[in-house]
Amino acid sequence: MILTDVQVEGFRRFAAPVRLDGLGPGLNVLAAPNEAGKSTLLLALRAALTLRHSSKSSVIKGFAPYGGGAPHVALSFTWKGMACTLEKRFLNKTCARLRLGPEQFEGDQAEEKLRDLLGLADAGKGEAAGLWNALLVGQGESFTQPNLNEAGHASLRDCLEQGVEKAVGGAAASAVLAKVRDRLLLLQTASTGKPTGRYKQALEQEQAAQDRLQTLEARKAALEEDLVALEQARRILREQEDPERRAHEEAALKELRLVRDKVLRLDAEELAARAALTAAITACSSARQEQERRQENKVRQLHLERACAESQQTLDGLAQKVRQARRCLDLCRQKREQAEQHHQHRRQQRMVAARRVTLQQMQDTLAQERALLHRAEAAFARLEQEQAILAALRVDEASIQRIRKAARQHEQAVALLEANAPVLSMALLPEAAQRVTLNGAPCREGEIRLTATTTVQIEGVGQFQITPARQEQDDVQGKVQAALAQLETLLQQAGCQNVAEAEHRFEEHRQAEVRLVEARAAYRTTLPDGTDLARDNGGQALAALRKTIMQKDADLALARKENIADGEGATADADGAPPCGADMLLTPDQAAEAEDQAAREAENARHAERDEQAACALLQAEQDKADAALRALTQALEHLQREQAVSVAREADEALAQRAEEAQRAQATAQARVEQLAQARQEEQPLSVVESGIRRREQALDTARTAITRLREDIRGRETRVRLAEGEGVDEQIAEARRAVERLRLEREGCERERAALVLLQNTLGQAERTQTERYLAPLRRTIQPAFSAVFPGASVAFDTSFGVEALTRRQAEEFNKLSDGTQEQISVLVRLGFAELLHARQGSSILVLDDALSFSDSLRLERVFDVLADAATRFQILVLTCRAETFATLGGRALTLQPLAEFTEPR
């Protein structure tokens, strides 16, 4: 198959008709950006070849464009040299037309003929499948190997000219294998092998019978359990309701509550004794702490008095240093002020020198512009003179063109008049020349054009009058007179007597224009750059130049005054003395250098001042710190003295000592009481143990009351269930359920034996089929191996029985699934290329379409694959759809384009 034309309409993004232009044999490449419609084009091609036009599946519904419409696809192709067309329309007004040379098919007949032609088989939902599906490689499908169904396998086997029949006994064996598979489908599913049909029903019925038997047996076990539990519950109820046991438990509980009251009373007394002990310890500790604090206060006062004396000495020394630092700072400040005044003086000198230079430059510029003004005025005078001369000359280009046109029209009218006039030929004898006159004048020999009535008189003979054709002659004569009148009018307007004079005046006008252009160019050169002469009316630019010179003259006068004023201001230096003559004659560079030197000196003086200021500030900070420390020590000493005086005034040292002794004696008494109560408490049980015993016995009584209630309800419920079960006949139901389970088990085992036999027979026939398949894998490897060797030098490929690549062997065997994504994609493309080769060799027609394939290939591998594709394209057609135009530029081939159509045309 060689596609020659593809048209698509109403298909996803192609709402309007579009054609794939440029198709032909060999390699075809459509390079277009993303979302240009390449994948949509491939879907349309697949739909035309593999989907029924009458199908209403969701796949076909997804082909409709967003705005609605019916997908419409038309293909033109050659099949074994025969021109063919295929047209399909889906969803609305469905149709299918197939033309194979002189034959034409429509509708379902066209669908069946197309499937027979391509070797496709129905795969459900209006879709056909076969080897051709593996050759239309969509976007992303190039990363996986072709997924062939049974029809695809059959197509490959036909291409390899082998069949299963040789291995399993011909067509009869194939029919047996098909019947085995059909019979097996009645017992299990084809894809998962799960039970179905009669086998599934037997399993479900057996499971239901087993569930019923288990339910009945569970009911019987529950009944037996209820009988045993009922007897146990009655026995426990009798024990719980025993009055002697209940009275004994209540007496024990009362005794424990009395013990608890005694323990609580002892705990309260011990708690009060411990509180008294704590108060005594606190009073004793407070008295001792007060004594220790007074002693520490005295020691701290002695330390603070010595520290105050030392701080006062340090403060006196720092005050002396601060005074010295301030004197140094004042001296540095004076030096800095002198240096800044000197710097200011030098800066004024630099400004004066710079202004002298600027003033000189302004004088030079003004002189140049005045000279330019003189040249501009002379050029403008010449320009005005040339403009006046040009204005006086009235014959310009337009006038001379009109005059020339009128002269040509007059000459053409005269020529036409002469051409239409009759011709009078005169041949006179010498003696007769004076005897013949023409309109009263001597007649000359030769041809004479008669444009008006002419009188010929012959002496001694008579007079002849010749009148030309009147109507034609009058028309031409009118044209001559009109042309002459127009010419004379134009000459009169130009002030010329004839055409020659007009030409002379025009030449003078042209020379005046040349001189005007020269004068304007000379005037332009005298004006500043950027002046627009087209807008210069009456010498505005010249007036502006005069105004500019006047402004600059005023600026120069003002600058002179300012320079004089600055010079007078700079006549005194920092000390008020007039500068020397050398300072007044400094150049700008010398003045700048002197200013820089003065600036450096001023900066050095400022640095020295800042250093002294920092040192003074540091000493001042140390003095402030020492002063603050002295004040803090003084305040701390005064605070300790006040605190000591208040404490002694509140309680004397002797009273404090007596209070400490009394607190110590009270602490000993309280300690003895606490120890006595603790000894008595140890003889009793712990309160937690007593409380736990009380709670345990109270809980036991509550539990017994609850248990009695629960046991009575449990006994009533179990008695009711026992009576109901005895009336239903559980044993008879169990026996009947067991008989049903046995019957259904036998039926299920029969299905399993039949299934096992069919599976064994299918596996035997399938093994024979696989053995035969392995035999014809050799020619498949021979077909695909050259392309693999070109892309993977020195490598060999191994296939499994499903025609998929199992491994790639280079230095060692590598499983396909463990290769990189790029290598897997390259191998998948080469496998499809091999399938296309087999199909072409078998049927004489094949095609391969790749949509955005080879995405993860490096440049070297890509070049090798390009070589393989180019070689295969010499045998069958290949279409490459890509968005990477630069990468696939080296592939070559026909360049395809998507061309919009005004309307869907007939396939060509």
| query | Does a side-chain heavy-atom distance below 4.5 Å link Leu3 with Leu45? | reply | yes
| query | Is a side-chain N or O of Thr4 found less than 3.5 angstrom from the main chain of Ser76, in a donor-acceptor match? | reply | yes
| Does the pair Val8 and Thr40 meet the rule for a side chain to side chain contact (heavy atoms under 4.5 Å, CB included), with working shown? | CA-CA 9 Å; Val8 180; Thr40 303; 5.6 Å; no
| field | Glu742/Arg738 salt bridge by N-O under 4.0 Å criterion | value | no
| field | Nearest-0.5 Å distance, NE2 of residue His72 to CD of residue Glu87 | value | 3.5 Å
| task | Could you grab the distance from atom OG of Ser846 to atom CE of Met1, nearest 0.5 Å is fine? | result | 9.5 Å
| field | CD on Glu749 to CD on Glu752, rounded to 0.5 Å | value | 6.5 Å
| query | Do the side chains of Glu106 and Cys95 get nearer than 4.5 Å, heavy atoms only? | reply | no
| task | State, with a plain yes or no, whether a side-chain heavy atom of Leu744 is found less than 4.5 Å away from one of Arg748. | result | no
| message | Determine whether a donor-acceptor pair (N or O, by modelled atom type, separation under 3.5 Å) exists between the side chain of Thr823 and the backbone of Leu819. | response | no
| note | Heavy-atom nearest pair, Leu100 first then Lys113, reads CD1-CE, 3.8 Å
| Looking at side-chain heavy atoms only, is the closest gap between Leu91 and Lys61 below 4.5 Å? | yes
| If every non-hydrogen atom of Leu41 is compared with every non-hydrogen atom of Phe14, which pair is closest and at what distance? | N-CE1, 4.3 Å
| request: Would you sort out whether Val137 and Arg832 count as a side chain to side chain contact (heavy atoms under 4.5 Å, CB included), showing the intermediate values? | output: CA-CA 9 Å; Val137 187; Arg832 289 176 169 86; 3.0 Å; yes
| field | Non-hydrogen side-chain atoms of Leu23 and Leu20 separated by less than 4.5 Å | value | yes
| Ile847 and Ile878, any side-chain heavy atoms less than 4.5 Å apart | no
| task | Quick one: do Asp5 and Gln7 satisfy side chain to side chain contact (heavy atoms under 4.5 Å, CB included)? Show the steps, please. | result | CA-CA 7 Å; Asp5 185 43; Gln7 297 183 52; 3.1 Å; yes
| request: Any chance you could measure Gln104, atom CD, to Gln109, atom CD, to the nearest 0.5 Å? | output: 10.5 Å
| query | Would you find a donor on one side and an acceptor on the other, under 3.5 Å apart, between the side chain of Lys88 and the backbone of Ala48? | reply | yes
| query | Is it true that a side-chain atom of Thr189 and a backbone atom of Lys194 form a donor plus acceptor pair closer than 3.5 Å? | reply | yes
| message | Between Arg89 (side chain only) and Asn92 (backbone N and O only), is there a donor and an acceptor less than 3.5 Å apart? | response | yes
| message | Using only atom types and a distance under 3.5 Å, with no angle test, would you say the side chain of Asn28 pairs donor to acceptor with the backbone of Val880? | response | no
| request: Drop me the distance from Asp871's CG to Leu833's CG, to the nearest 0.5 angstrom. | output: 9.0 Å
| For Ala83 against Arg99, the heavy-atom pair lying closest together | O-NH1, 3.9 Å
| query | Ser828 side chain to Gln824 main-chain N or O, any donor-acceptor pair under 3.5 Å? | reply | yes
| query | Do Gln139 and Asp851 meet the criterion of a side-chain donor-acceptor pair at a distance under 3.5 Å? | reply | no
| Does the side chain of Glu112 reach to within under 4.5 Å of the side chain of Phe105, using non-hydrogen atoms? | no
| request: I would like to know whether Val865 and Ser857 meet side chain to side chain contact (heavy atoms under 4.5 Å, CB included); could you show each step before the answer? | output: CA-CA 9 Å; Val865 176; Ser857 300; 5.7 Å; no
| query | Heavy atoms, side chains only, cut-off 4.5 Å: are Leu98 and Glu103 in contact? | reply | no
| Shortest non-hydrogen contact from Arg52 to Asp108? | NH1-OD1, 4.2 Å
| message | I need the minimum non-hydrogen distance between Phe11 and Ala44, along with the two atoms involved. | response | CZ-CA, 3.5 Å
| request: Looking only at non-hydrogen atoms, find the nearest pair between Thr85 and Phe77 and report the distance. | output: C-CE2, 4.2 Å
| field | Atom pair CD (Gln877) and CG (Leu879), whose distance is rounded to the nearest 0.5 Å | value | 5.0 Å
